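What follows is one structure encoded as structure tokens, with my remarks underneath.
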Amino acid sequence: MSQLRQQFVSIDSTPRNCARLCATNPSMTPASDATTSRSTALDQRFSLPFLHRVRFTHDVAALTNTTLADVFCDDAAAPTRRAVLVMDSGLHAATPTLAQALVQYSEAHASSMPTLSEVLVVPGGEQSKCGMHTVEQVLALIERAKICRKSTVVVAGGGAVLDAAGFAAAIAHRSVRLIRLPSTTLAQDDGAMGVKNGINAFGKKNFTGAFAVPWAVICDQALLKTLPIEVFRAGFSEAVKIALLKDPKFFAEIAASATRIAAHDLAAAQPIIQRSAALHVEHIAQGGDPFELDEARPLDFGHWAAHRLEALSAYAISHGDAVAVGLLIDCRYSMLKGWLDASAFEQIRNVLADLRLPHSHPLLANPDAILEGIEQFREHLGGSLTITMLRRIGEGMEVHEIDLVLMRRAILQTSTA
Ligand SMILES: NC(=O)c1ccc[n+]([C@@H]2O[C@H](COP(=O)([O-])OP(=O)(O)OC[C@H]3O[C@@H](n4cnc5c(N)ncnc54)[C@H](O)[C@@H]3O)[C@@H](O)[C@H]2O)c1
Ligand SMILES: [Zn+2]
């Protein structure tokens, strides 16, 4: 944290720097060294094609809806042998017949998919990502039900349960097939679209995890009906995020629908969720860095502060709400730096307000505690500090240093907003 006490932070520990170090210190110059020149290189470059199957549907468990059965038999050469269902307890409580309906569905579609041989209900919400409990339960299920690498874990729930169960699926037998049925707005418009799985550890968000491309993601609009209103609204901060980065027209569409969305209007919400999902999938599949090897992480705009706020609040604030606050901090900082004009900032603030998302949090009164999130973010990414800021609505920009005086001001102004 010592760097953060200086006025500017600029952290660079990349291989470029190592090369620079070697050049100034002959004892560290490996290329011309006699010992290393005797080594034999067997390097091979290889790449793997992935198919990221993402479907939107209505009433996935209806016997006449073939979406789920179809994705199971999509690879005729390697049909799924067995399958189990993991379900979020919040979803299960809100829709008690769903698990049984999915089991009956699997029996009715036996020519396309295996029967869901067991149903495991796990605690919903962030608690499923705090500690190994859910991961261990799912690993035990995989072992018990003899789920092999040609078998499938179907997981239905919010982003937290998808992350924890997905992590178990990614590490069991070094990865078994996973079908995600996201059941929150956030999971459908962002969380389930990615190739990341994981849990929180050491007081840090997503510290333990693995990249794994799911077999399929099926978003059932009907599942969103039972969401508590604050969970329903929270998902739209991620849609605002991606619109701010990539698509000003989409931002205008969200602005036009925001008050209807805040009132749990599914018809208004659906096109926004689907467009957000499409932009996230497109970025992951076409952006050139699906496994986040580069330093830039544009999809994490607003997230350095959001993740810190979540951890500091012991996960009392939801991810979606924290992202809304994190976006406001970074948009305000972008305005204070003179990159984003004041009217654009007002538009962003108004959209978040119309969505009835939080605009502040009491923990922002201690900006230094929030600022720890910058170093944690750099550590999580590795390499040099790279944070996305906003140049204008629809266009992000990468920065490699943060003016801490202005960032403190941005946090404090957000704390009193
Ligand atoms: N892997 C990724 O790329 C990625 C991306 C974004 C977010 N995330 C993660 O997603 C998590 C947030 O997910 P979330 O916003 O979906 O919240 P959540 O998973 O915490 O769920 C919120 C609540 O809704 C309940 N619930 C779920 N579906 C329901 C339904 N249909 N009806 C009634 N209740 C229901 C849950 O039981 C829980 O209590 C965070 O941990 C975040 O880090 C992951
Ligand atoms: Zn997020």
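Quick caveat, the model's predicted, so the values are computed rather than measured. For ligands, and for the atoms within them, numbers begin at 1 and follow the listed sequence.
A salt bridge links Arg144 with Glu118: the distance from a Lys NZ or Arg NE/NH1/NH2 to an Asp or Glu carboxylate oxygen falls below 4.0 Å. Under a 4.0 Å N-O distance rule, the pair Arg297/Glu292 qualifies as a salt bridge. Between Asp190 and Lys241, at least one side-chain N (NZ, or NE/NH1/NH2) sits under 4.0 Å from a carboxylate O, which counts as a salt bridge. A salt bridge between Glu346 and Arg349 is present, with a side-chain N of the basic residue lying under 4.0 Å from a carboxylate O of the acidic one.
The protein atom (non-hydrogen) at minimum distance from atom 15 (O) of ligand 1 is Leu186 CB, 3.4 Å. Remark: minimum distance from atom 9 (C) of ligand 1 to any protein heavy atom is reached at Asp163 OD2, 3.5 Å. Among all protein heavy atoms, the one lying closest to atom 16 (O) of ligand 1 is Thr184 OG1, 2.5 Å. Regarding atom 29 (C) of ligand 1, its nearest protein heavy-atom neighbour is Leu227 CD2, 3.4 Å. Scanning the protein heavy atoms around atom 2 (C) of ligand 1, the nearest turns out to be Gly191 O, 3.5 Å. Closest to atom 22 (C) of ligand 1 among all protein heavy atoms lies Val231 CG1, 3.9 Å. Closest protein heavy atom to atom 31 (N) of ligand 1: Leu223 O, 2.9 Å.
With a 4.0 Å heavy-atom cut-off, ligand 1 is reached by the side chain of His319 but not by its N, CA, C or O. Residue Asn197 does not touch ligand 1, judged by heavy-atom distances below 4.0 Å. At a heavy-atom distance under 4.0 Å, only side-chain atoms of Lys129, from C-beta outward, approach ligand 1. Proximity of Thr226 to ligand 1, defined as any heavy-atom pair under 4.0 Å, is shared by backbone and side chain alike. Of all the heavy atoms of Ala160, the ones lying under 4.0 Å from any atom of ligand 1 are found in both the backbone and the side chain.
From Arg356, atom CZ reaches atom CD1 of Ile261 across 13.5 Å, with rounding to the nearest 0.5 Å. Taken from OG in Ser183 to CG in Leu227, the straight-line distance is 6.5 Å, to the nearest 0.5 Å.
By the 4.0 Å heavy-atom criterion, Met193 is excluded from the residues contacting ligand 1.
Of the N or O atoms in Lys205, one or more lie within a sub-3.5 Å distance of an N or O in ligand 1. By the 3.5 Å distance cut-off applied to N or O atoms, Ser89 is not counted among the residues near ligand 1. Backbone and side-chain nitrogen or oxygen atoms of Val161 are examined, and none is located within less than 3.5 angstrom of a nitrogen or oxygen of ligand 1.
The aromatic rings of Phe232 and Phe236 lie tilted to each other, with the angle between the two planes from 30° to 60°.
An angle of 110° is found at the Zn ion (ligand 2) between His303 atom NE2 and His319 atom NE2, rounded to 10°.
By the ring-ring contact (aromatic ring centres under 6.0 Å, His included) test, His109 pairs with Tyr105, sequence neighbours left out.
Among the atoms of Asp300, none of the N, O or S atoms falls under 2.8 Å from the Zn ion (ligand 2).
If you look at Glu238 and ask which of its N, O or S atoms sits nearest the Zn ion (ligand 2), the answer is OE2.
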* To do: May I have the step-by-step check of salt bridge (charged side-chain N to carboxylate O under 4.0 Å, His left out) for Asp247 and Arg275, ending in yes or no?
  => CA-CA 10 Å; Asp247 188 347; Arg275 176 69 183 145; 2.7 Å; yes
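More than 12 heavy atoms of other residues, nucleotides or ligands sit less than 6.0 Å from atom NE2 of His173.
Judged by distance alone, with hydrogens and angles left aside, the side-chain atoms of Asp403 form a donor-acceptor pair with the main-chain N or O of Leu406 at under 3.5 Å.
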